[in-house]
Colleague: 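Let me begin by handing over the structure; questions about it come next.
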4 protein chains.
Amino acid sequence: MSDKRIKVIEVATRLFSEKGFDNTSISAIGKEAGVSKALVFHHFQNKDNLLIEVFKQSTNVISEYSKNNKTTSVDQLMELLNTFFDRLKVEKEYFQFSINICIQQSTRDLLHDLIAERSAGIQKYIQQLFDALGIENSLAKSYMLIAELDGIAINYIFAFTHYPFEEIRQEMIGKYQLLIQNTKTK
Amino acid sequence: MSDKRIKVIEVATRLFSEKGFDNTSISAIGKEAGVSKALVFHHFQNKDNLLIEVFKQSTNVISEYSKNNKTTSVDQLMELLNTFFDRLKVEKEYFQFSINICIQQSTRDLLHDLIAERSAGIQKYIQQLFDALGIENSLAKSYMLIAELDGIAINYIFAFTHYPFEEIRQEMIGKYQLLIQNTKTK
Amino acid sequence: MSDKRIKVIEVATRLFSEKGFDNTSISAIGKEAGVSKALVFHHFQNKDNLLIEVFKQSTNVISEYSKNNKTTSVDQLMELLNTFFDRLKVEKEYFQFSINICIQQSTRDLLHDLIAERSAGIQKYIQQLFDALGIENSLAKSYMLIAELDGIAINYIFAFTHYPFEEIRQEMIGKYQLLIQNTKTK
Amino acid sequence: MSDKRIKVIEVATRLFSEKGFDNTSISAIGKEAGVSKALVFHHFQNKDNLLIEVFKQSTNVISEYSKNNKTTSVDQLMELLNTFFDRLKVEKEYFQFSINICIQQSTRDLLHDLIAERSAGIQKYIQQLFDALGIENSLAKSYMLIAELDGIAINYIFAFTHYPFEEIRQEMIGKYQLLIQNTKTK
DNA sequence: GATGAATGAGGTTTCATTCAT
DNA sequence: GATGAATGAAACCTCATTCAT
């Protein structure tokens, strides 16, 4: 892939994350990427397509989790949580992009299938983890975990004041360790 | 307040919720409200001001919770949860509006103080409830509850497939009842 | 004339002078005058008419000069010059208004007859003075004096740096005293 | 420079001269230049910038005078006067543009530095001429000459009736020839 | 006399997109 | 691959003006 094409995707990812899709003009992307507006269209046909390309390029969190399937289910769950918190701290931008995209209708419609697929994948993966751990009510619990992670991400990213990041991390990890223990002892 | 002014706020609230602030044109608001673009400016000076007015008009959830302070802390917490789920089902629009506003930067900046105040109010209210119930780690736990509610709201509102609404509600209520019980017995 | 009507004319005069006719909105005039937009229209029908009223109200310089026709022609000329410089210093606004009105086409067209009449009046008055003093070439000389005064007014009002006001005044008075003397001795 | 870009500057110069900056819409410029509104913005970013470009393009009168520095000071002064009158007759538009720009506040503010520089340049050039000719009071006299030229330009351009152009020219030339002679004989 | 509500026309500007080169 | 020129549509906003009260 050409250098400039890559640069455009990079810049687009950042700007879409920072300002949202609709508030980012092709012109602005071109300027920051050091290429002409026209070249962006040359490579991506139109703005919608650029978004799709950016989305596809964006690393899929879950796909990385799933790779570690050599370890036990307990380890996998703990790693999922820890990876989430680690990445949240470092890659705020990626999370912001994901949230923005899901919430703005124009982008939602555009990426509907891709997002749905990714969401379903995550949910299924978590539910299977819970099932493997013998946790009851795995469906609701998987949705709950996702809700918790999403909520934490949003609250952390958009916090007006200091967010008790580490305390929340401990809460979450403690809570799920307890859940696993309580399940085992039954 | 004049009829048309109210109508404009109504329409604006809906459109801002559905399409977001930046994707809603004054022109569109005027058209749906059956008034001229110019009248919107006559009443609200500019688009930013209209948003502020819409935000101020939007019922404050927590302010309603807080009114029921005659009851016990346990009842208050349970009522908070139930009211949340009841309203989420019926007033999707209000939640969508709130989320959109918090997440889009342009609107965040604009409503910064108002949102910060409201957020802080909710967090403090919940923390006090937890303190009254003798729950440990009330700070982190209050942030956790907020994250859970936000996460649920987002996942429910933007769900691609059926969302297990009632199961989640039961999960949440069960979880917090358990928390209260475990605390008491200590 | 009603209080508010007078206030509107006052404010309009000032704003037209400061910002020009086209850049002054009726709304702005109303706001500064403490009345509603609608009242301005009630009193003056439309913006053009308000301008005409403002123009008519604006004191006519020459009409005041002409009153002092008891004195000699020499005294009249000297008084004209001195009055001009005195007023220029104090009533910058009036001069600015006059210049603005003459130069902007929209206002020129509107006030065409009134301005033409006033201009012709001044020119004729000066030419008669020169004739009475036996000055040759009174027509050209009268136009020259007007050009000088207009030029001085503009350069003084719109000067970017300090304008040598008093030196210019002395130059002018000296020059015309000399002209009168040279004429007499012939 | 592209054809259309030049055409836009040409049209803008004319319309700004005729109707003033604020009364000339980009839309009107585009229409007369046979291009779209958007193209004007493509080339000049915004209206203010277009004005600056038009100003920079506008030939600087004095810069042409100054070139003839091979001749004597007397010749230079006479040439300055003659060139002024010659150009005034032919290039009314340029003078009108200059006057409009200096007098309207919005444009004054915008071009402040450029105008101030040009004005100062002219004044200094004339003062040096007077100094070279041994004329007393060169500062005030230079300001006077400028005032005369400005006044004549305005009165000529905005005259309601026939303006005695040639008579004024003779007056001016005669006056300054006399001034030079009187200085020499001293 | 005085006002607030209401509007149509028009202004500057942004933007996604196309096209010739 | 890469660009500058070019555009139509639509955004926010202002303004003179009218009308009912």
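Note on naming: letters A, B, ... go to the chains in the order of the sequence lines (proteins, then strands), and numbering restarts at 1 for each one. These values consider heavy atoms only, across backbone and side chains, with no hydrogens, waters or symmetry-generated copies.
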Colleague: Let me know, please, whether B/H42 or C/K4 comes out on the 5' side of the other along DNA chain E by nearest nucleotide.
Modeller: C/K4
Colleague: Quick one, give me the B/S/- string for nucleotides 15-21 of chain E, reading 5' to 3', where B means a protein heavy atom under 4.0 Å from the base and S means that only happens at the primed atoms, P, OP1 or OP2.
Modeller: BBBBB--
Colleague: Just the rounded figure in Å: distance from P of F/dG1 to NZ of A/K7.
Modeller: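 Going from NZ in A/K7 over to P in F/dG1 covers 18 Å.
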Colleague: Restricting to ring pair (Phe, Tyr, Trp, His ring centres under 6.0 Å), what partner residues turn up for D/F97, sequence neighbours left out?
Modeller: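 Applying ring pair (Phe, Tyr, Trp, His ring centres under 6.0 Å) to D/F97 gives none.
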Colleague: Using the side chain to side chain donor-acceptor pair (under 3.5 Å) criterion, which residues pair with A/D22? Sequence neighbours excluded.
Modeller: A/Q104, A/S106, B/N23
Colleague: Run the side chain to side chain contact (heavy atoms under 4.5 Å, CB included) test against C/E10 and tell me which residues pass, sequence neighbours left out.
Modeller: C/I6, C/K7
Colleague: According to side chain to side chain contact (heavy atoms under 4.5 Å, CB included), who are the partners of C/S119, at least two apart in sequence or on a separate chain?
Modeller: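 Counting only residues at least two positions away or on another chain, C/S119 forms a side chain to side chain contact (heavy atoms under 4.5 Å, CB included) with C/I115, D/F160.
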Colleague: Around A/E18, counting heavy atoms of other residues, nucleotides and ligands shown, do more than 12 lie under 6.0 Å from its CD?
Modeller: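 It does: A/E18 CD has more than 12 such atoms within range.
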Colleague: With sequence neighbours left out, write down each residue that passes ring pair (Phe, Tyr, Trp, His ring centres under 6.0 Å) with D/F41, or none if nothing qualifies.
Modeller: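 Residues passing ring pair (Phe, Tyr, Trp, His ring centres under 6.0 Å) with D/F41: none at all.
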Colleague: For DNA chain F, just give me the dot-bracket, please: Watson-Crick or G-U, both distances below 3.5 Å, ( ) intra-strand, [ ] crossing earlier pairs, | paired with another strand, . unpaired.
Modeller: .||||||||||||||||||||
Colleague: Taking DNA chain E as the partner, which of residues 103-113 of chain C come within under 4.0 angstrom of it by heavy atom?
Modeller: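 Output list: empty, so none.
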Colleague: Can you list every salt bridge (Lys or Arg N to Asp or Glu O under 4.0 Å) pair that touches residues 104-113 of chain A, not counting sequence neighbours?
Modeller: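 For residues 104-113 of chain A, and leaving out neighbouring residues, there are no salt bridge (Lys or Arg N to Asp or Glu O under 4.0 Å) pairs at all.
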Colleague: Can you tell me the distance, in whole Å, between the NZ atom of A/K31 and the C1' atom of E/dT14?
Modeller: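 Going from A/K31 (NZ) to E/dT14 (C1'), I get 11 Å.
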Colleague: Could you list all the salt bridge (Lys or Arg N to Asp or Glu O under 4.0 Å) pairs where at least one residue sits in residues 94-105 of chain C, not counting sequence neighbours?
Modeller: none
Colleague: Rounded to whole Å, how long is the line connecting atom CG of D/L39 with atom P of F/dT7?
Modeller: 6 Å
Colleague: Rounded to the Å, how far apart are D/H43 NE2 and F/dG4 P?
Modeller: 12 Å
Colleague: For residues 26-45 of chain D, which residue pairs qualify under side-chain hydrogen bond (donor to acceptor under 3.5 Å, both in side chains), counting only residues two or more places apart or in two chains?
Modeller: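 Passing the test, one end in residues 26-45 of chain D: D/R14-D/E32.
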Colleague: My understanding is that only residues two or more places apart in sequence, or in another chain, count here; which of them pass ring pair (Phe, Tyr, Trp, His ring centres under 6.0 Å) with C/F158?
Modeller: none
Colleague: Please report, rounded to the nearest Å, how far the P atom of E/dT13 is from the CD1 atom of D/I29.
Modeller: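 It is 11 Å, rounded to the nearest whole Å.
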